[in-house]
Each structure stands twice: as C-alpha cells, then as structure tokens.
Amino acid sequence: MLRSLSSTSTDTLLQKIGAQPDGNIWTVLVVETSDIDEVISELSETISIFAECKIKIISAQSGASELIEQIVQSSENYLLLWTFEAWNCEDWHHLDACRSSLSKPRGGMLVLSSTSAEMMLNCAPNFCSWVGSRIYALAKDSELLTDPEREIRLSALREWSGFSDTDVIASAESHQLPLTPEYGEWLILLGRGDLIER
Amino acid sequence: MSNRLKFYREQMAAFEGTVDPQKSIDSGYYVPEPRKSSSSQIARIALRPSAKHLLIGGIGAGKTTQLLIACDQLNDIENISAHYIDVSLHTDISKISINTLMVITGLLLLELAKEYSDEKIKEYQDLIQKEAYGYSEYIKEKSFIEQLRDPLGLGLPHEFLNRPTQRWVGHQGILTKEKSNSIQDELKQAIRHLNDVVRSSYGEIIILFDGLDRLDDASRFNDLIKNDVQNISLAGIGVVLIGPLLTLYSQYRDIIEPAVNHTAYQSCFDVENDPESHSFFKNILNVRSQKDFIDQSALLSLIKYSGGVLRDLINLTQASIEEAYISDEENLKQAHVESATDSFGRAKLLGVSDQDLKVLKQVANTGKFVPRTDEEVRLLVTGRILEYQYPVKRFAVHPTLQPLL
C-alpha cells in the first residue's frame, strides 16, 4: 500500500515545510510501523527549524478524547501527532467531528502506519479534505534529489546569499548562521545537518 | 528570508484550504457563485423567519461560506437578527444528543437578553447554564446506617442514627457529556420566553447552525431535526442548518425532508460541462493569485483536476505552488499541477477495497451510480465519487483518481 502513495525523502519533506507560510497546514507521513519511533525522533529534532516555531509531540495512544484535549490545551504552533496504531474507525470519526479543534497557527503532521492511514482516509473524510494531496510515504534512507538536482538547488542558495558552502559551514560551526529555513536546508543538502542549531 | 521564499509564501497563503471561511470573505476572496446560490436560497427564510432550512452537500463544497454569506444577507434586512454558530465548537458532535441545539439556542438568547434582568430570566439562566455545563450540589441525606435501620441491633445511639450524611453530587452538562434525559419542557418554555424578550430589541431571531455535516450518524441527525429544530422553530426562531451528505442516502431522508420547510443541495460544480462553473473557478484563481503567476495551461489543469470541489481547487493550487517553489521555478506550470494531482489521487486511492475499485471503474466507464450500500455512500462522502446537479445530474470519479484506476 505504501507504494501507491507519492513518496518523499525527509529532506524534501522538510524543504516543503520550510516553504509553507503561516497557516493551518496539515501533512500526513506514512511510514513502516517498525520505523515510526525513529522517524519521530528524527523529525522532533529538525522540524521546528523548518516550521520556524515551537513544536509539540503528542501521542494518540490514550484515544481520541484525550488527544483532542491535549491539542486544544497545547500552546505550540505546530503539532507532531503519532501512535495511532490502536485507533479504530470510531476514534477517527471522533477526531473528524472535532476537526475545528485542530486549528493551529502553523498546522501539524500525523505520522501513521499504512493501516492507520487507510482507516483515516475512510473514517475521517473531513480532516482528509484539509490534508488534500499532502499524504506521503516516507522513502527512508533514500535521497530523492539526484546529484544534479542537489547541485542546482545549492547553486540557487549560493546565488541568493552570496556565500559559498565553506562560508556556510564555517558560520554554522561558529554559531553565526542565521536561523532561517534556507540555511537549514543548505546544511542538510551538504550532509551537515548535525550543524543545525537545535 | 529570501525574497523568493517570501513571494512564494504569500502566494501559498492565498490558497489555504483550512482557513476560516470568514477570513477568506474578509480578505476579499469571495467570488459569487453562478446561478442561484445556496446562500440566496437560504436567505429566503427572511420571508418566513421561523422556518426551517436544511443545507446538504459534499465535503469542501463551500457550505460554510454559503452559510456565512446568507447570515450577512439576512442581517442586512431590517428587523432580522441572524446568528452563525459552529456547533462543533460548543460540543463533541460525534456524541451529540437531543436538546443540544436547544441548549445552545438558550445560551445565545441569554447573551442577547443580558440587558434585561427579571426573576424569570434569572430562573431560565440558571436552568440553561446547568443544563449546558452541568453543576454540583451539596446533598444532605439520611445516614447509611439509619437507612439500614440498625439491622444488627447494635443499639446505636439515636442521635447517631439520625445524623444526616452530606455529599457533593455532580451532574454532567449536555455540552460536556452525552446525555439524553434533559428537562425538555422547561427548556422549551425558557427558549420561548427568552425569544419573546429579545425579539423587541433584535427583531426576528434566525440561527444558522454549522458543523453538523460532520455527524456520521443519520439517526442522530434525524433526532435533532425532529426534536431540537422543531422546538426551536415552534418558539418562533428561524433555523438553518447544515446536514451530513449521508442523510440523503439513508432511510431517514423521507422523514427529514418533510420535517423542514426547504432543503438546498450544494453539489460540486460541473466545470467540465457548465461554462459558468468553469468561469467561476477561473475567477477564484485569478482573484487569489498574482497576475501571470499561474500559466494558462496550469490554470486549466487546476480547474479540471479540482473536480468542481472548491476546497480541492484551493488545496491543489497551494500544493502546486509548493511544488513550483521546490523546483526552483519562478511561476506555476502544468508540471507542478500534475505532481500535486498525482499525490492527491494516490492519497484518495489508499484504503480503497477491491469492491470499491470495481464500483469506481464502473462509474468511470459508464457514469452510472446508484449508491445503496454503506460502502457506496462512503465513496461519495470521501469524495472519490462526485455528484453534479447542473447542467444534468451525473456522477463521476474524482478526476485525480481516474488516471490511477
């Protein structure tokens, strides 16, 4: 089932989030069940840089009512929701009926297994109407950008800033790099995501 | 932030499918619908203010926008006071029970009656607020031991046996917990009295209830129509409400439709066969985007692949702009739309069973569809199959899904 979805790499996903304006934009990321923990851990470290706001990770393990309550109470602008594997159709209906509670200044992301994603699509049509085309399968460990594509993007970033790759790495190492999505993307394209300031 | 990113974010912000429709109207993005819009049909309620109107339509068809426009139109009429209420912000719709709309109506009337204060209003205020949010009370009751009448014959002292115990008892409110044993007669009296009081200042009250289209239970919706909508209307208040699409295909249709004075259907716009609908969608894109930012071929693709569903048009455009940004392009081209529509169609395909697939192929090939089973109705509710009413009634598979079948 994962193969039927459009796939995306983490790099492209973060690039897309970095391009988005303020607004209640929701994305669904579908991953292998065994990878969910690792994906959440990775996204929890990087997503706030690209969303340019504080994020909150909320587990859906305790059911729809508890999740909705936590969403309503949260003050963070971007939410990362996970652990939907025990949910049944009724839980999704419940979340769907309370869709208005999911309004956040910057939106959020649901990380789901393919089984949960299928259930969501059939049982939460109102929420899915918000998500639209932003349902992606994560192509784990794959680099969706080819080398030439990566070089084109890097050239565009060099031209925009007037800096070289070396300048950017040096600035990042001395903690002088501006905290904007373009520089975060630049470091990731150079394979130096470790230099992104958390 | 680069100027390019700033520009793209501005373009994307104009196409936010999740934005409060009131904000879109306030931003000047509202484009009047072609022909007779649902809002103009709803506004007919002005002729008979205590009437009951029902608006039904698919998800993302623009029902809330029509409700808001109708509310504005009604408020422009002298001696009418129309109020828009999103029910889902007051209670959990998935557990909604009868009397909920009556209680919400009561709360609105109390707000309008703030300037009046007499004993009757205070009494009704207490009743409605307790019914809405619940309350606790301190109850004195006979001691448990006394109730047993000292069955063991321990010879407990008289004063001990007669000492009352005291405890707090909590009562849930209808807006905070599913409940069906409400005090309906008192509520009816309260609403009637409060409406009589506020009518002198505000004129005829009309309430537009939004959000009930997310109710996934035709039976509950039927209960609300028979009980709440009926009683609110009998109190002299006009009611307009949005209902779930599935009621049209349920056994309750024959009960619900005669129970209201008018039913409007907000269907998808047939952008393939109706030139006016096509122009309407084109105008929406032009009003929201910077001149020449969207290539002509991209614009036509966006209209085609929206399937005539307003939110799909808005969402697809935003996702296409995102694709254009990632591709380092300076404007929106057809290739970006194709990328977004492919994602959109693939997402719709997820969760489709073999039987669903059979039905989708049949609709794609013949255009024939008679939704009878729950699974077939679900294909409509989830927007995999779209229904058009004009120029001719027809069904079609969502155009983003069709190439993938």
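Remember, predicted model here, so these are calculated numbers, not experimental data. Labels below follow one simple rule: chain letters A, B, ... track the order of the sequence lines, proteins then strands, and each chain is numbered from 1.
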*List the atom of G18(A), the atom of L5(B), and the distance in Å for their closest heavy-atom pair.*
O-CD1, 3.9 Å
*Where is the tightest heavy-atom contact between A19(A) and Y325(B), given as atom of each residue plus distance?*
CB-CD2, 3.3 Å
*Okay, side chain of N315(B), backbone of S129(A): is any donor-acceptor separation there less than 3.5 Å?*
yes
*Residues forming a disulfide (SG to SG under 2.5 Å) with C89(A), sequence neighbours excluded*: C123(A)
_Evaluation steps, side chain to side chain contact (heavy atoms under 4.5 Å, CB included), between S103(A) and T18(B)_ = CA-CA 8 Å; S103(A) 283; T18(B) 60; over 6 Å; no
_Region of D86(B) in contact with chain A, defined by heavy-atom distances below 4.5 Å_ = side chain
*Using non-hydrogen atoms and a 4.5 Å limit, figure out which bit of V381(B) sits close to chain A: side chain, backbone, both or neither.*
both
Spatial distance of atom [atom1] ([X]) from atom [atom2] ([Y]) [nearest 0.5 Å]:
{"X": "D210(B)", "Y": "S100(A)", "atom1": "CG", "atom2": "OG", "answer": "8.0 Å"}
{"X": "S94(B)", "Y": "H93(A)", "atom1": "OG", "atom2": "NE2", "answer": "9.5 Å"}
{"X": "R346(B)", "Y": "I135(A)", "atom1": "CZ", "atom2": "CD1", "answer": "13.0 Å"}
{"X": "S133(A)", "Y": "Q318(B)", "atom1": "OG", "atom2": "CD", "answer": "9.0 Å"}
{"X": "D96(A)", "Y": "L215(B)", "atom1": "CG", "atom2": "CG", "answer": "11.0 Å"}
{"X": "S88(B)", "Y": "N126(A)", "atom1": "OG", "atom2": "CG", "answer": "9.5 Å"}

*asked:* Which atoms of Y136(A) are under 4.5 Å from chain B, going by heavy atoms: the side chain, the backbone, both sets, or neither?
replied: side chain
*Measure distances from A117(A) to the heavy atoms of chain B and classify the residue's part below 4.5 Å as side chain, backbone, both or neither.*
both
Among [options], single out the residue with the greatest number of heavy-atom pairs under 4.5 Å to chain A.
{"options": "G211(B), A340(B), A347(B)", "answer": "A347(B)"}
{"options": "E16(B), R311(B), K348(B), Q11(B)", "answer": "R311(B)"}
{"options": "L89(B), D216(B), I93(B)", "answer": "D216(B)"}

*With distance as the sole criterion, is a donor-acceptor pair present between the side chains of S343(B) and S6(A) under 3.5 Å?*
yes
*asked:* Looking at chain B, which one of L121(A), N122(A), V131(A) has the largest number of heavy-atom pairs inside 4.5 Å, strictly under?
replied: N122(A)
*Is there any salt bridge (charged side-chain N to carboxylate O under 4.0 Å, His left out) pair reaching into residues 313-332 of chain B, and which pairs are they, with sequence neighbours excluded?*
K16(A)-E323(B), R134(A)-E322(B), R153(A)-D328(B), R4(B)-D328(B), R4(B)-E330(B), E329(B)-K333(B)
*asked:* A quick test of your reading: do over 12 heavy atoms of other residues, nucleotides or ligands sit less than 6.0 Å from CD of E151(A)?
replied: yes
_Residues, nucleotides or ligands: over 12 heavy atoms within 6.0 Å of E85(A) CD_ = yes
*asked:* Counting C-beta onward and ignoring hydrogens, is there a side-chain heavy-atom pair between L350(B) and L5(A) closer than 4.5 Å?
replied: yes
